[in-house]
Structure formats: structure tokens, C-alpha cells
Amino acid sequence: MRVGLIGWRGMVGSVLMQRMREENDFLGIEPIFFSTSNIGGPAPKESGDGSKLKDAKDLKMLAACDTLISCQGGDYTTEIYSPLRKSGWKGYWIDAASTLRMADDAVIILDPVNADVIRDGLTKGVQAFAGGNCTVSLMLMGVGGLFKSRLVEWMTTMTYQAASGAGAAKVLELVKQMEYITVPTRATPSENALEVDRMVTHAQRDSGIPTKEFGAPLAGSLIPWVDRPMPDGQTREEWKGMAETNKIMGLHPPVPVDGICVRVGTMRCHSQALCIKLNKNVPQQDIEQILANSNPWVRIIPNNQESTVRCLTPTAVSGSLNVAVGRLHKLKLGPEFLGAFTVGDQLLWGAAEPLRRMLGILREHLGN
Ligand code: HSE
């Protein structure tokens, strides 16, 4: 199988490359590396000695691949996908971007949760597969078992989204902001909390703090807005919650999902506080069992201070494929209301991992 990779040098693409190398995914395929900015430059070793980067806008070159995996972003997909199809290309397109997600002829891929939907799509001839929104994918990796068991009447999700979800430049700006707001505390050290607060707040409001990317200080603060506005007061990130959850799970009628999406100053883990309205009073032990058995990466964190502080944080989860679910308890709203908190690495299950696994499913499906 000739597999073309586009956008493999970006943040998501680099994590994808790392995971593909770790899992020996390059064995048995012929990888072709494309570029939009360094055409003719040296390709990674996987493509063979002396191989050069191909032009990612060259439809003929792209069409020579059986499968294309793109981490290049939505603009690239918008520009290339339709013309490539119109040129007669019948290959498989696997994409991290949101462009094709909601199209009728595309499947959203998160195989530990919806392998049946993916395989059904392959059997029906679907050729476009898009990774889900990271927040939705990580939520479903955590509590998808309850949706699968048809136990959810509705759900709210209040998110705490990492800088990485907005791209590499945002991550770098966040760290520069962190540095900037602590400069005065190092110049004039103080053990007085109010004095330190004054210095930090002053630095945050100072015109010198880098805010080109976020438009506001995120370090030591938060921004309750992710993505562009939608009708009825939602942001697009919030809109995706319901649209993608129901598409991934194949739910009819759809289960309402909504909430407020918030950017916080974490690096690469998205967290979410969930309020799940169950359609019956399920004992908590049964709930924990359903969640623990739903996929091999869920980690149920006991609802106590020691375990929560040690295991249910972005710092603890970062860089791991495990998705932590904790703070599980019935809310005082009633016995059918479940509270939960989940943390997952946005670059792994939220972006790169479903793509490489889709390639594996495809190879299995095609018998190579
Ligand atoms: N839109 C998400 C975010 C990232 O901004 O955090 C990936 O789906």
C-alpha cells in the first residue's frame, strides 16, 4: 500500500510519526512524504535513502497513493480534497482536520468507541475518515461506555482545554506568558502573597505581555471561548459536542450534549467536568464497571483526594494514552445525575492516535 503523509512535521503530525515509529506502522507499507513548504527536501528515513519530499499540491502525485493521511489542517483539505476526488482518485483519505467530519460520506474515527461504525462504513464503500474533535474524542474515550449502553438522557460538559488544541504557536505563547508574568517576582522577591499577586496582575495587564496568538493573557488566567461563534450563543467547539458525539456513536434520536468550552493554561491535556443525566438510577458500582470495561485505556480514578491529586490532572496524564475518569459520584440533583471529571492527552487520542489506528483497520480490511 502506498501511503502518502501530509503535514507530518507539524505538532499533530510529529506525534503521529512518533506513534507510527513506536508501533512499527511503517513496516509493510510504502510511505510517501509530502510537503507544502520544502518540496524536494530530504524525506524521513522511512521513505528510503535519498527520497525527496513531494509536492503536497500535486494532484497527480497524490493520486498515485492508495491512502493519504493529512495532518496539514482544514484549509489544505478544503483546497485539495474535492479536486482530487474530481480527478477520479478512489483512494482512502484519513484526516485530522474537521473539514469532512460531518459530511454524509465520511465517518468520524475513534475505533475503541465506534469500531462497528467504521467497519460498517468500509463495507459500504466509505473512503473518507476524519478524526473527531479532540474534546469529543477524549470525552468518549472516558465515558463512551455509558452512551453505548444507552444510559445517557443528556449531558453537560464544561471543558478545561489545553493550549495545544489551538496549535503549536499557542503553546509557545503560553510559556512566554508564564515567563513574562513571573519576571517581576524574581526581580523583587517577596513572601507576601498580596504583593506577589499585584506584581503578577500588573504584568498580565502590561502591554508588553505576548498575546498575539490568544488575544489575551492565558497564563494565570483563562479564556472562556474556543473557536468561532455559532448561532444561539454557542461557540463552534460547543456545537461540535452534540453533533460529533451523536455521529460517532450513531445515536438516533440524538442525545443532547452541551456546555461551556474554556481555554486554560495547561499544555496538552484537555479536561472536562461532566454532568450526566442517566435515563435510570444505575448503581455507581455498575457505572464504574461499564466505564472500566469500555476500552483498555480508561483509568477509573477512585473519588478520594489522594488518588485525584496524584492521577486526575493534566500533569499526571500528559504523554500517556490512558484517559483518566474520576470524581465519579451521584450529584445532589438526584440519583440519576452522575458527576465525573475526565483528563486526556489532546495530541494522542485527541488527534494522532485514531489516524494511525485507522490505517491499521484499513490494512486489515484490505488484507494487506
Ligand atoms: N478545537 C480543539 C481546541 C482542538 O481548540 O482545543 C482539537 O479538536
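The shown structure was predicted, so the numbers you read here are calculated from the model rather than taken from an experiment. Ligands are counted one by one from 1 in listed order, and the atoms in each one are counted from 1 as well.
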*Any idea which atoms of ligand 1 are less than 4.0 Å away from a heavy-atom of Gly165?*
2 (C), 3 (C), 4 (C), 5 (O), 6 (O)
*Going by an N to O cut-off under 4.0 Å, is there a salt bridge joining Lys54 and Asp58?*
no
*Could you tell me whether some N/O pair between Cys134 and ligand 1 is separated by less than 3.5 angstrom?*
yes
*Check Val226 against ligand 1 and report side chain, backbone, both or neither, counting heavy atoms closer than 4.0 Å.*
side chain
*asked:* One thing to verify: whether Glu153 and Lys280 come together as a salt bridge, which I'm taking to mean a side-chain N less than 4.0 angstrom from a carboxylate O.
replied: no
_Would Thr135 count as being in polar contact with ligand 1, using the rule that some N or O on each side must be under 3.5 angstrom apart?_
no
*Of all the non-hydrogen atoms in the protein, which one sits nearest to atom 1 (N) of ligand 1, and at what distance?*
Glu237 OE1, 2.8 Å
*Polar-atom distance check: Ala162 versus ligand 1, any N or O pair below 3.5 Å?*
no
*Hey, would you say the Tyr160 and Phe341 ring centroids sit under 6.0 Å apart?*
yes
*Quick check, are the ring centers of Phe33 and Trp8 under 6.0 angstrom apart?*
yes
*Would you check whether Asp227 reaches within less than 4.0 Å of ligand 1, judged by its heavy atoms?*
no
*So which heavy atom on Met155 is nearest to which on Ile276, and how close?*
CG-CG1, 3.7 Å
*Is there a nitrogen or oxygen of Gln346 sitting under 3.5 Å from a nitrogen or oxygen of ligand 1?*
no
*asked:* Please give me the minimum heavy-atom distance between Val317 and Asp345, naming the atom from each residue.
replied: CG1-N, 4.1 Å
_Residue of the set His270, Glu244, Glu237 for which side chain to side chain donor-acceptor pair (under 3.5 Å) holds with Asn133_ = Glu237
*When only distance counts, is Arg263 in polar contact with ligand 1, meaning an N/O pair under 3.5 Å?*
yes
